[in-house]
Every structure is written in structure tokens, then in C-alpha cells.
Amino acid sequence: MLLGSVLTTNVLAQNTLQDITYAPLSGDKVQITLQFAAPVAEPQIFTTQNPARIAVDIPDTHDAMTKRRIDINTGATQSVTAVEAAGRTRVVVDLFHNAGYETRKEGNNYILTINNTMSGGAASATAAAVAATDQTKSSVATGMEITNVDFRRGQHGEGRVIVTFSGQGAGVDLQRLGDKIDVNMYNVKLPAQFAQKLDVLDFATPVKSIETHRKGGGVEMEITAGGSFDQLAYQSGNEYIIEVSPKKEEAKVDPNAPPVYSGNRVTFNFQDIPTRSVLQLIADVSDLNIVVSDSVGGNVTLRLINVPWDQALDLVLQTKGLDKRQNGNVIWIAPQHEIAAREQAIAEAHQKLQDVKQTVTVYIPISYGKAKDIAALLSSRQGAGGSGGSAQGGGGFLSPRGRVTADDRTNTLLVVDTPERVEEVRNLVSKLDKPVQQVLIESRVVVATDNFARELGAKFGISGGYQTGNTIVSTSGSLAAADQMSNIALANRVAGLGGLPISSPGTVGAGIQVPNIGNRLNVNLPASNSTGSFGLAILGADYLLDLELSAAQTEGRSELISSPRVITANQQEADIKQGSEIGYVTFTGGTAGGGASTATVQFKEAVLELKVTPTITADNRVYLTLDVKKDAINQLVPNPGGGFVPQLDKREITTSVLVDNGQTVVLGGVYEFDKSTDIAKVPFLGDIPGLGALFRDTKKKNSKAELLIFVTPRILNESLK
């Protein structure tokens with residue numbers, strides 16, 4: 001007896017959920033069959049009201065199904081999902097509305113029948129469950145509180161959130177909203193040390209963060225997950241456990257790929273045999289239940305040697321214009337037009353059901369976008385959407401009876417539609433309502449100049465008056481100066497001084513009377529802004545030599561660096577500028593007859609401006625549309641009517657560029673080089689080698705100017721997955 005008990009326990013521990021099938025029944029009922037490898041013990045069943053669900057917990061069971069979710073969409077049943085965690089399997093039936101159910105066991109199968117309405121003992125059980133839930137919610141006097149919040153990683157990469165209470169029977173409601181799992185714990189106290197946000201991204205599970213905070217008279221926990229995942233929640237004693245596991249990837253079937261046959265091989269060699277007899281033979285070989293329509297008839301001749309039975313079945317169906325539909329281990333065979341007509345009738349009936357199905361109203365808060373924009377998207381039909389903030393119906397993602405309204409004050413969507421369409425809208429909004437990535441754009445505008453100038457000049461002059469016999473010869477830098485020298489020589493002759501030395505008569509020792517320096521110069525080509533000069537004067541008995549050499553050299557280097565930076569959202573234009581507006585006056589009107597003119601004040605901008613629109617690509621690079629401007633005042637041009645008009649130096653680039661995140665790129669540059677040599681000289685004399693330097697002024701000027709524009713985009717770190 002003990003050995004039998006041990007064997008039974010071992011069998012139960014190794015039980016496996018092999019398949020889930022369903023079949024519609026009369027009265028919009030749905031029969032869901034759970035097929036196990038061995039008889040299953042009585043599972044634990046519980047229901048939730050919001051959302052409407054029926055959950056079946058089977059302990060010590062492995063889930064061997066490759067497809068997690070099966071869509072039903074018949075009667076009150078929406079879908080059925082199987083999830084395995086912690087050695088148990090949970091089968092969740094999602095409902096469009098609350099409905100009753102019945103259960104029974106048949107061998108290795110466990111059968112769950114879902115009614116379309118509340119009825120019988122199931123309704124009483126549901127009402128009792130609701131009453132028990134309400135009683136739990138209202139049991140604030142019990143003093144239930146959270147004593148611990150823990151997170152662990154399972155062996156298969158699942159994340160396990162464990163909430164420990166001070167006692168058993170806490171009222172908990174779990175609801176999935178897109179990438180978040182919302183857990184409400186009613187009438188539960190939250191100690192201050194557990195009111196926190198846990199970052200569990202490093203555990204390499206679908207769970208990213210867990211945030212726990214007070215809400216009303218209870219506690220709300222928000223679990224943020226990423227990627228495709230399944231959740232499973234159950235209570236064990238005073239612990240409530242939420243397991244979030246990666247969703248199993250279903251095998252992708254290529255519709256264009258040739259079929260793969262794996263049935264047992266058979267050999268058929270018949271001459272003009274009835275088609276129904278061939279189908280009966282195939283049913284015997286395949287151990288499947290085959291239902292043949294009454295309209296299937298005729299004979300077939302076939303010779304098949306060592307071919308899989310499923311390939312033989314397809315060949316017979318193709319030859320006679322038949323088709324098949326399989327549900328579990330039952331195959332229905334009928335003419336193609338009959339199957340197509342039946343499926344079309346089912347689709348039309350489903351559509352009519354949607355037209356009369358009761359609608360629900362939900363409120364979806366929008367966090368990062370604008371509710372009116374999402375409302376317009378949901379209600380748009382072929383690109384023609386309605387305006388946000390008003391009710392829309394019959395278009396886009398809504399059914400013909402659906403409508404959506406946006407409340408700008410609370411940024412909330414109000415959706416009225418059938419339950420399945422509402423669920424689709426929830427999933428769509430959860431994917432759209434995400435924070436937009438932001439980009440920091442840093443730029444540098446570098447203006448570098450290099451100037452060099454050198455000038456060499458000279459002043460040279462010979463003045464004198466010389467008497468030879470009765471002739472007086474005078475020379476100087478100008479005719480007036482020569483005349484003055486001649487007068488001095490004549491005065492000396494009258495005074496009997498022999499004409500030399502040159503002096504004023506009767507005032508010897510009072511100073512030498514000569515023309516001023518400006519009149520004595522034969523060559524006057526000095527450096528414009530001399531930084532150094534050398535002067536020489538030689539005075540003889542009858543002449544005066546003046547010489548001055550001047551030189552100037554200037555060097556200048558400057559760098560002007562401007563670094564504007566701006567942060568903007570993805571695909572949103574940003575514009576930043578700094579500078580000044582220069583006002584000037586213009587005059588209009590006025591006539592030649594002396595009419596009055598009107599003065600108008602206008603402005604010109606001389607600013608540093610960065611205008612950019614970033615677009616983050618799928619490979620985490622940034623495509624930039626840029627307009628960079630750096631203007632400066634060059635000079636003020638006099639206005640004929642009065643005042644001045646500013647003349648600007650413009651530096652601007654408009655371009656588009658694809659840049660890696662954090663990479664610095666040179667958008668462009670302008671390089672200017674100006675070299676000039678100016679010579680002013682006395683003809684012929686200025687060309688004399690060596691001595692010609694006294695008769696010319698030489699100016700050499702070199703200038704370089706370079707403009708470079710750099711830009712660096714940086715995507716601000718923020719996980720949006």
C-alpha cells in the first residue's frame with residue numbers, strides 16, 4: 001500500500017499538460033479540454049471580476065505546449081493561456097465578461113465548460129467569491145501589513161517577486177497593462193522601509209523595476225517588465241508570489257514552404273475505389289477521428305507505395321477538390337466550397353455578434369504623449385482622423401460602434417467599445433505612450449585669424465644756397481623753400497658776408513635761418529604707423545642734408561570659439577540663439593521740392609544661432625538637420641539720409657549629416673588667405689639698387705582667416721524597451 005502511494009505521488013509529480021483544445025457548443029458555450037499525460041488531481045480554481053478571468057492551478061505539472069495562448073473569441077470566452085512556474089501550471093481563461101463554468105474529468109482529460117452568462121452553482125460560487133473578496137477588502141481591523149518585499153531569479157531566467165504579509169488571506173488584485181503589472185493589495189499597511197523602487201535590471205530577467213507605494217487605504221505595486229513575457233501569480237500561506245517568465249518563442253511557419261510529412265508510411269494500390277473508403281483506410285492507419293461530409297463522393301484510382309499517410313491524405317483531397325480542418329484529433333473533410341462557405345458564415349456570425357455585443361467604457365491615462373493626438377490616431381480612417389477632444393466612431397482601430405474622446409485637462413482617453421477592441425486599444429496605447437528619447441547637441445564654431453604686416457619708408461631732402469660769382473644756386477624740397485634759401489643768400493651778399501655761411505644779417509649766433517622740415521624734403525614716403533625710425537641731418541657751409549628712415553611691423557593672431565548646446569526630443573526641432581539686434585534709421589518719402597521724409601527704425605540680427613532637428617535611427621545613430629549661423633558686425637556704413645546702416649559678416653552652414661552617438665564631426669570650413677605688397681616710390685630713383693630704398697615706401701601684408709564648425713550629438717541614456 002505504501003509502495004502504491006509512492007508510485008502515485010511520483011506519477012503526479014511527472015504529469016504533463018500536453019495540449020489544450022476547444023469546441024463551441026450551443027448557446028454560445030465553449031468547451032475547453034485540457035489533455036494530460038496521466039490523470040490529474042482536482043485542481044484549484046478561482047475567478048477574478050476585473051478583469052474577468054477563470055484561473056485553474058494544477059500542481060506538480062509540466063507545461064509541454066509550444067503555443068502559450070489560444071484565441072477563442074466565442075461567447076464569453078476570449079482566449080486561454082497556459083503558463084508554468086515553480087513546478088505548477090496555471091491555465092488562465094480570459095473572458096469578455098463574467099460568466100459561469102462547469103468542470104469534469106474524463107480519463108486523462110480535464111474539461112472546463114464556459115457558459116455565456118452567469119448560471120447555476122457557478123454563479124453562486126462566483127457570488128460567494130466576490131463576497132469573500134469584498135470581506136477581505138473590508139477587513140482593515142485585522143491589521144494586515146507587508147513584512148517583506150523580495151526578488152529572486154529562477155533557474156530558467158524568470159523573475160520572482162515575493163510579498164510577505166503579517167498573516168494569511170490578504171486581498172490582492174493583479175492586472176497587466178502593457179509592459180507593466182499592476183498589483184493592488186487592499187487594506188494592507190506599508191511600512192516606510194518598503195515604500196521604495198527596486199532596480200532589478202542586473203538580474204537578467206524580464207523584470208526591470210519594482211515600485212511599491214501607498215494608495216488609498218492599501219498598497220499598489222507596479223512591476224515594469226520588458227520584452228515578451230508571461231506572468232503567473234499565486235498565494236502560498238502568507239506569501240503572494242508573482243512570477244514573470246520569458247515567453248516561449250513559437251515556431252515560425254513559412255506559408256510558402258513545402259509541407260513536411262511525418263506520418264507512418266503506407267502502400268495503396270486501388271483501381272476505381274470509392275473516395276470515402278480511402279479516407280476510412282487512412283483513418284485506420286492514422287488513429288485519428290475523421291468526419292466526412294455527406295457531399296463527398298466519387299471514386300479514385302491510386303497507386304502509392306511507401307508514402308506517409310498524411311501525404312496520401314493530401315493527395316486524395318487535392319485530386320477530388322476537398323479540404324480539411326483539424327481540431328485536436330478530429331479531422332473534418334468536405335468540399336472546398338463547403339468549408340469556405342461555413343467559415344464565411346462563422347465570420348459573418350461573429351461580426352453580427354460584435355454588432356450587438358455589449359460595449360464597455362474604460363479610461364486610459366496618457367503619461368508622455370497628448371491624449372488628443374492618440375485619440376485622432378485611434379479614430380483615423382485611411383489617414384483622415386478626427387480632431388482630438390471630440391467623440392469619434394467607426395474608424396481606425398475602433399469597431400463601427402466604438403468611439404474615443406480625449407480629455408485635455410487630465411490627459412486621459414475615454415474609450416467606448418467592445419471588450420476585445422478595448423483590450424487591443426490598451427495594448428496599442430501601452431506601446432505608443434512611452435517617453436521619447438532626447439538628444440544633446442553640442443557644437444563649436446571656431447573663427448581663427450592670423451595677420452602680418454611690414455612697412456619700410458624714408459624721408460630725404462637736400463637744402464642749400466651757393467654763390468658762385470654773381471650767381472646764386474639754391475636747392476630744397478619745394479620751390480618755396482628754394483626761394484627762401486635764395487633770399488638768405490642775397491641778404492648775406494648785401495651784408496658783405498660773402499654769401500656763406502647762411503645766416504641772418506646782423507644776427508650771427510641767433511640761429512640759422514632755414515626752411516621748415518616739411519619744405520626741405522625731396523622724398524616724403526615714411527611708414528604709416530612707424531614703430532621705429534632713424535633720423536640724420538648734415539649741415540655744411542652751403543648745404544643741409546636731411547634723412548629719416550622709418551619702419552613698422554605688426555602681427556596679430558586671434559581665435560573666436562562659440563559653443564552653443566541644446567537638448568531636444570527625438571524628431572523635434574530646437575533653436576537657440578545669442579547676440580544682439582542692431583537698430584538703424586532709414587528715411588522714406590521726401591521729394592525734390594523739399595517734402596518731409598519719414599524716419600523708420602529697423603533692426604538687423606547679429607547672432608550666434610543653432611537650429612537642429614535630430615532623428616535617432618534604429619542602429620542608435622543620429623541623423624541631424626542643421627542650420628548653424630555666426631554673424632558679426634563688420635562696419636557701419638553712413639546713410640545718405642543720416643545715421644548709419646550696419647554691414648554684417650555672415651558665417652552660416654545648412655546641412656544634413658548622419659553621426660554616430662557621441663562622435664564629433666566637422667561640418668565644414670572656410671579658409672581665406674590674403675597676401676599683398678604695395679610700393680610707393682619716386683620714378684627712376686626708387687629703382688636704383690640699394691640707394692633706391694631712400695626713394696620708396698614698401699608695404700607687405702599677409703592675412704589668414706579660417707572658419708570651422710564642429711558638432712557632437714549625444715543620446716541621453718534612458719531605457720525605453
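Here, residue 1 is the first one in the sequence, and each next residue gets the next number.
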Exercise. Can you list the steps and then say if Val244 with Thr205 is a side chain to side chain contact (heavy atoms under 4.5 Å, CB included)?
Worked result: CA-CA 8 Å; Val244 183; Thr205 70; over 6 Å; no
For this session: Assess Arg557 against Phe452: is NZ or CZ under 6.0 Å from the centre of the six-membered ring, and within 45 degrees of the ring's axis?
Result: no
For this session: Could you tell me which non-hydrogen atom of Asp433 sits nearest to which non-hydrogen atom of Gly369, and how far apart they are?
Result: OD1-N, 3.3 Å
Problem set entry | Residue list, salt bridge (Lys or Arg N to Asp or Glu O under 4.0 Å) with Asp619, at least two apart or on another chain | Arg621
Problem set entry | Gap separating the CG atom of Asp674 from the CG atom of Asn702, nearest 0.5 angstrom | 8.5 Å
Please list every donor-acceptor pair under 3.5 Å in which a side-chain atom of residues 193-204 meets a protein atom from a residue at least two apart or in another chain.
unit_1	atom_1	unit_2	atom_2	d
Gln196	NE2	Gln193	O	3.4
Asp199	OD1	Leu201	N	3.2

Problem set entry | ring-ring contact (aromatic ring centres under 6.0 Å, His included) contacts in which one or both residues fall within residues 681-709, not counting sequence neighbours | Phe460-Phe695
Exercise. Are the side chains of Ile364 and Val425 in touch, meaning some heavy atoms are under 4.5 Å apart?
Worked result: yes
Seminar exercise, completed: Paired with Val404, the side chain to side chain contact (heavy atoms under 4.5 Å, CB included) test is passed by just one of Leu377, Leu413, Val416, namely Leu413
Problem set entry | Flag if over 12 foreign heavy atoms under 6.0 Å of CD, Gln635 | yes
For this session: Under the side chain to side chain contact (heavy atoms under 4.5 Å, CB included) rule, what do Asn451 and Glu555 come out as? Steps first, then yes or no, please.
Result: CA-CA 6 Å; Asn451 299 319; Glu555 296 182 9; over 6 Å; no
Problem set entry | Set of residues satisfying side chain to side chain donor-acceptor pair (under 3.5 Å) with respect to Asp182, sequence neighbours excluded | Asn184
Problem set entry | Pairs satisfying side chain to side chain donor-acceptor pair (under 3.5 Å), at least one member in residues 685-700, at least two apart | Ser528-Lys699, Lys681-Asp687
Problem set entry | Rounded distance (nearest 0.5 Å) linking atom CD of Gln553 with atom CG of Leu456 | 9.0 Å
Exercise. Between Asp417 and Val360, is any pair of side-chain heavy atoms under 4.5 Å apart?
Worked result: no
Seminar exercise, completed: Sorted by chain and residue number, the salt bridge (Lys or Arg N to Asp or Glu O under 4.0 Å) partners of Glu652 (sequence neighbours excluded) come out as none
Seminar exercise, completed: Sequence neighbours excluded, the answer for salt bridge (Lys or Arg N to Asp or Glu O under 4.0 Å) partners of Arg409 is none
Exercise. Side chains of Ile223 and Met221: closer than 4.5 Å at any heavy-atom pair?
Worked result: yes
Exercise. Are any non-hydrogen side-chain atoms of Ile374 and Val429 less than 4.5 angstrom apart?
Worked result: yes
Problem set entry | Interatomic spacing from OG1 in Thr449 to CD in Glu706 - rounded to 0.5 Å | 11.0 Å
Exercise. Heavy atoms, side chains only, cut-off 4.5 Å: are Leu624 and Thr613 in contact?
Worked result: no
Exercise. Is Asp179 salt-bridged to Lys431, going by a charged N under 4.0 Å from an acidic O?
Worked result: no
For this session: Kindly indicate, with the supporting measurements, whether the criterion side chain to side chain contact (heavy atoms under 4.5 Å, CB included) is fulfilled by Val149 and Phe151.
Result: CA-CA 7 Å; Val149 176; Phe151 179 81; over 6 Å; no
Exercise. Measuring from Thr677:OG1 to Lys701:NZ, what's the distance to the nearest 0.5 Å?
Worked result: 12.0 Å
Problem set entry | Closest contact, heavy atoms only, Gly159 versus Pro206 | N-CD, 4.4 Å
Exercise. For Lys215, what residues pass the salt bridge (Lys or Arg N to Asp or Glu O under 4.0 Å) criterion, not counting sequence neighbours?
Worked result: Glu220
Exercise. Should Gln437 and Leu716 count as side-chain neighbours, where that means a heavy-atom distance under 4.5 Å?
Worked result: no
Exercise. Leu636 and Pro646: which non-hydrogen atoms are nearest, and at how many Å?
Worked result: CD2-CA, 3.7 Å
For this session: Would you indicate whether the side-chain heavy atoms of Thr655 and Val628 approach each other to under 4.5 Å?
Result: no
Problem set entry | Rounded distance [0.5 Å steps], CG in Leu432 versus OH in Tyr368 | 14.0 Å
Problem set entry | Arg454 atom CZ, over 12 foreign heavy atoms within 6.0 Å | no
Exercise. Where is the tightest heavy-atom contact between Pro246 and Gly157, given as atom of each residue plus distance?
Worked result: CD-O, 3.9 Å
Problem set entry | Name of the residue among Glu605, Lys611, Lys629 meeting side chain to side chain contact (heavy atoms under 4.5 Å, CB included) with Lys577 | Glu605
For this session: Before giving the answer on side chain to side chain contact (heavy atoms under 4.5 Å, CB included), spell out for Glu222 and His213 the whole-Å C-alpha distance, their side-chain angles and the decisive distance to 0.1 Å.
Result: CA-CA 9 Å; Glu222 293 183 357; His213 57 268; 4.2 Å; yes
For this session: Let me see the working for Thr410 and Asp407 under side-chain hydrogen bond (donor to acceptor under 3.5 Å, both in side chains), right down to the final yes or no.
Result: CA-CA 6 Å; Thr410 59; Asp407 179 32; 2.5 Å; yes
Donor-acceptor list for residues 439-447 side chains, cut-off 3.5 Å, not counting sequence neighbours:
unit_1	atom_1	unit_2	atom_2	d
Glu442	OE1	Arg714	NE	3.1
Glu442	OE2	Arg565	NH1	3.2
Glu442	OE2	Arg565	NH2	2.9
Ser443	OG	Pro564	O	3.1

Exercise. Can you tell me how far the OG1 atom of Thr654 sits from the CG atom of Asp627, to the nearest 0.5 Å?
Worked result: 3.5 Å
For this session: Measure from the side-chain N and O atoms of Asp575 to the backbone N and O of Glu609, and report whether any donor-acceptor pair falls under 3.5 Å.
Result: no
Exercise. Just one of Val607, Thr568, Leu610 clears the side chain to side chain contact (heavy atoms under 4.5 Å, CB included) bar with Ile576, so which one?
Worked result: Leu610
Exercise. Listed by chain and number, what are the side-chain contact (heavy atoms from CB on, under 4.5 Å) partners of Asn570, not counting sequence neighbours?
Worked result: Val436, Thr615, Ile616
Exercise. Which atom pair, heavy atoms only, marks the closest approach of Lys630 to Leu608?
Worked result: CD-CD1, 3.7 Å
Problem set entry | Over all atoms of both residues, closest heavy-atom pair of Arg176 and Phe229 | NH1-O, 3.0 Å
Problem set entry | Heavy-atom donor-acceptor pair, Arg421 side chain to Leu398 backbone, under 3.5 Å | yes
Problem set entry | Side chains of Asp631 and Asp649 in contact at under 4.5 Å (non-hydrogen atoms) | no
Exercise. Looking at residues at least two apart in the chain, or sitting in another chain, which of them share a side chain to side chain donor-acceptor pair (under 3.5 Å) with Asp450?
Worked result: none
Using distance only, find each side-chain donor-acceptor pair of residues 656-673 under 3.5 Å and give its atom names and separation, not counting sequence neighbours.
unit_1	atom_1	unit_2	atom_2	d
Asn661	OD1	Ile715	N	2.8
Gln663	OE1	Asp660	N	3.1
Thr664	OG1	Thr712	OG1	2.6

